[in-house]
Amino acid sequence: MTELPDRLIQLGAQATSKDDAITQVAALLSGAGYTDPAYLQGMLTRETQANTYLGSGIAIPHGTPDTRHLIHRTGLAVLQLPQGVTWGEGGEQVRLVIGIAAASDEHLDILRRLTRVLSDDDLVERLSVTRDPAQLRAALTGQSAPAATATQPAVPAASVLPFSAQVTLPNPLGMHARPGTALASLVRRLGARVQLTHGDRSADALRLMELLSLGLTRGATFTVSADSEQALRAVTDAIRAGLGDDLSAPVAAPAARREPDWQPTQVGATIEGVPAADGLVIGETRQYAARQLTVTDTPGEPLAAATQLDQALTAAGRELDQTITATRERYGADKAAIFEAHRELLSDEGIVQDTVALILDGHGAAWAYQQVTQDRVSQLQRLDDPTLAARAVDLGDVQRRVLRRLLNLGEESAYEGGPAILLAPDLTPSDTARLGPDALLGFVTAQGGPTSHTAIIARGLGLPAVVAAGTGLLDVPDGTPAILDGSAGRLYLNPSDTDLQSARARQAALNAEREQARAARHQPGATRDGAPVEIAANINRAADAPAALDAGAQGVGLMRTEFLFLERDSVPTEDEQEREYRAMAQAMDGRPLIIRTLDIGGDKEVPYLGLEREDNSFLGLRGIRLCFERPDLFMPQLRAVARVAKDHPNVHVMFPMISTLEDFLRARALLDGVREELGVGRIPLGVMIEVPSAALLAPLLAAEVDFFSVGTNDLTQYTLAMDRLHPQLARQTDAMHPAVLQLIKLTVDAAEAHGRWVGVCGGAAGDEVGALILTGLGVRELSVSPPQIPAVKAALRQHDLPALRALAAQALAQPNAEAVRALVHAGTGKGRA
């Protein structure tokens with residue numbers, strides 16, 4: 001929120017001329033430390049270029065683009081002139097002079113509010129004569145009290161940041177969008193000001209485009225400057241740690257063309273490119289070129305244009321949030337991170353600021369946004385490093401997303417008709433994710449590279465893809481019969497009937513392994529020598545049950561009840577919860593159903609509950625702790641579950657975040673009270689092993705519970721003291737770390753001593769390496785996301801239990817997670833899943 005303390009509001013003033021009024025309002029800004037005194041000249045110069053009169057007696061003087069460096073922080077000042085002053089050649093009388101120091105996009109909120117003020121003549125009149133500064137503050141900022149930061153010093157300009165250090169970039173692919181996003185997020189959390197300088201160029205760490213334009217490659221040495229020693233240390237440590245990138249990955253090089261495993265013998269033509277995603281498909285070609293967006297400069301009222309830009313950015317942001325969620329659910333967090341980087345590009349302060357500056361100069365919103373973003377795209381395209389230059393496609397993707405809203409165009413679609421082999425100059429990540437396997441057999445692009453985000457998404461979708469095939473590709477007519485071999489980087493046109501038959505045989509061989517796993521998905525989970533391992537599903541709602549059963553689930557190892565709370569804006573009633581749990585129990589048709597009680601907190605926030613924000617929510621009131629504090633949430637849930645369990649003996653209950661024996665005994669007592677009240681018999685009861693103390697207390701807990709379920713995601717982060725959501729540490733929170741495996745082994749040993757069983761419902765259960773090691777440790781149930789079920793079952797069927805036990809014993813003695821995975825790879829041929 002933009003500040004407007006009393007000292008920046010001058011009531012009942014007088015001005016002899018427009019220049020006098022501007023001089024007075026500029027003095028308010030500089031006197032409060034928001035601008036350098038020299039910013040006045042920029043404001044006066046602006047008036048010679050464009051009239052800043054808005055109408056209804058309001059003017060908004062502001063500086064020229066080349067004086068923005070004189071702004072220390074965003075703010076505004078108000079000069080009230082009840083007698084008015086002549087502003088333009090038309091004799092307009094101005095009674096409210098609002099001076100803007102626009103150092104970021106925060107002043108968009110001011111412009112939106114001014115739009116509402118201008119449309120209310122009575123309000124304008126009141127503000128022009130009021131003696132109460134709070135009325136002006138409320139109208140322009142929404143604040144009802146003076147800002148509390150009146151005594152804060154101005155933030156120093158980046159060029160004079162007092163603390164600095166030199167850093168060498170370790171990232172294999174350089175400072176690309178994802179580590180840049182992680183850096184910006186870190187700086188934003190720190191509330192710091194940070195600048196990177198390489199050669200004669202500098203970049204604000206909060207401006208992703210500036211960071212990318214530095215062209216920092218692996219091994220580049222640059223200077224990091226910050227406004228505090230603490231911020232400098234945190235940022236330099238994060239950069240040296242790789243900002244979330246895997247520093248062990250080899251430096252990407254263009255995939256070498258190799259002799260294909262399969263080749264046709266008689267085709268009309270062969271187009272060669274760079275392999276980007278494996279796979280072999282047969283189909284017809286179809287050309288795709290994104291619709292040209294024609295943007296003309298249509299100058300209008302700056303307020304209307306600024307509001308239009310804000311609405312377009314907001315709408316694009318909402319759509320990106322939906323894309324991030326959908327991509328994470330369908331294809332995983334690594335693919336979703338691509339669109340999280342797009343989100344950062346969308347909110348890049350430099351882009352928004354420069355666009356608003358052009359709007360205030362009198363240009364239309366669409367034209368201004370296109371000019372600013374296209375300039376950034378061109379900067380990226382000129383970079384020598386191909387990986388960094390490829391990020392121009394990401395910004396172009398964001399640009400189109402916003403421009404379509406500014407131009408009032410509908411949803412973009414590639415083509416009509418059935419699935420085809422798409423040929424295009426290039427594809428954006430949004431194109432690829434939106435079309436997906438339902439519309440594409442595969443694609444070939446004239447441009448692009450194997451490390452582009454488009455190629456990464458294609459691999460995640462299982463779509464064969466070839467890039468950098470040259471512009472001759474664009475001359476291929478629609479409907480041309482073709483065979484696309486992504487692994488070889490070749491597109492074969494007009495193949496003979498013999499070649500088509502041969503290609504289909506090759507396809508069949510490639511698909512056989514996948515189909516074999518799917519065909520056997522309904523067989524009980526077991527090792528090759530017949531040791532049973534139940535493979536269950538992690539799901540949220542009864543509506544998810546049919547797909548889980550179709551995938552081969554033997555039950556539900558984790559029903560996450562918090563999603564009943566997360567996906568709505570009010571607390572679900574006891575009856576609503578009962579209906580959902582009953583529908584799930586019925587869908588399972590006697591198969592085990594483990595219902596986990598409410599696990600809110602940590603990374604799962606529910607705004608409407610009004611919970612106090614905690615500095616470290618992962619160590620605060622979450623899971624069972626929150627339930628104890630909020631019986632109004634916990635008791636209705638226990639009653640709803642008990643009602644269902646009365647009719648469905650397959651229902652089990654599991655408590656999350658148990659860290660002491662007392663926690664479990666207290667929770668069990670509450671459930672026992674509910675059971676007695678409702679006349680419900682015994683319900684199988686278990687606890688999540690998510691914190692080290694629970695694993696260490698497993699011998700005591702095992703005497704009281706019916707089963708354990710290990711949440712490896714949380715157990716790993718608490719054991720290694722690494723936030724699994726931290727951008728710099730997330731890659732290191734690997735559940736295959738021997739320290740985590742030792743705690744799981746302690747849990748299994750305690751359970752077996754008391755005749756109990758142990759399941760795992762965390763991410764490690766769906767990792768084929770994890771499934772093998774966990775089974776070797778003695779885990780008897782693995783609960784995974786439904787798409788992972790066939791592959792996990794197939795992996796277990798390839799190994800005997802004694803061999804897996806021996807492998808797990810060796811894993812416990814390894815020094816780190818990488819060594820465990822290398823051990824499994826050597827022993828079974830499995831790598832990182």
Side-chain angles (χ1 to χ4, degrees), residues 523-527 529-539 548 552-559 585 588 590-597 645 648-656 658 661 664 667-668 671 682-691 694-715 735 740-766 770-784 789 792-793 795-796 799-802 804-805 808-809 812:
Q523 293 181 13
T527 58
D529 53 344
V533 182
E534 185 174 292
I535 310 301
N538 297 334
I539 55 179
Q554 296 173 255
V556 171
L558 171 63
M559 181 185 181
M588 285 298 101
R591 299 176 184 87
L593 166 60
I594 299 177
I595 299 176
R596 182 176 69 186
T597 58
H648 296 275
N650 60 323
V651 169
H652 298 49
V653 173
M654 177 164 67
F655 296 129
I658 295 294
L661 179 61
F664 172 72
R668 184 177 66 180
L671 179 60
R682 187 176 179 281
I683 302 173
L685 191 57
V687 298
M688 295 280 290
I689 301 295
E690 299 171 278
V691 296
L696 295 170
L697 290 172
L700 294 177
L701 287 167
E704 305 291 341
V705 305
D706 295 296
F707 65 92
F708 292 122
S709 186
V710 181
T712 53
N713 299 345
D714 275 323
L715 183 61
V740 180
L741 299 180
Q742 291 279 6
L743 291 174
I744 296 173
K745 184 66 167 67
L746 284 174
T747 303
V748 170
D749 289 346
E752 290 180 345
H754 288 83
R756 315 303 191 199
W757 60 270
V758 177
V760 172
C761 60
L772 299 179
I773 291 293
L774 293 170
T775 299
L777 289 174
V779 170
R780 291 167 47 190
E781 181 232 42
L782 301 171
S783 193
V784 303
I789 292 171
V792 170
K793 285 186 174 181
L796 290 174
H799 305 282
D800 295 327
L801 184 58
L804 293 181
R805 284 176 174 164
L812 294 173

Minimum-distance pair of heavy atoms, taken over all atoms of Gly776 and Ala808:
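Heavy atoms of Gly776 and Ala808 come nearest at C-CB, 3.6 Å.
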Using modelled atom types only, decide if a donor and an acceptor are shared between the side chain of Asn538 and the backbone of Cys761 within a distance under 3.5 Å.
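Yes.
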Nearest 0.5 angstrom please: [X] [atom1] to [Y] [atom2], how far?
| X | Y | atom1 | atom2 | value |
| --- | --- | --- | --- | --- |
| Lys745 | Ile773 | NZ | CD1 | 12.5 Å |
| Arg780 | Trp757 | CZ | CH2 | 8.0 Å |
| Met588 | Asn650 | CE | CG | 8.5 Å |
| Leu782 | Glu534 | CG | CD | 9.5 Å |
| Leu743 | Thr712 | CG | OG1 | 12.0 Å |
| Leu661 | Glu704 | CG | CD | 6.0 Å |

Answer whether the closest heavy-atom distance between the side chains of [X] and [Y] falls below 4.5 Å.
| X | Y | answer |
| --- | --- | --- |
| Leu685 | His652 | no |
| Met688 | Phe708 | no |
| Pro656 | Thr597 | yes |

Side chains of Thr527 and Asp800: any donor to acceptor distance under 3.5 Å?
no
Taking atom CZ of Arg668 as the centre, does the number of heavy atoms from other residues, nucleotides or ligands within less than 6.0 Å exceed 12?
yes
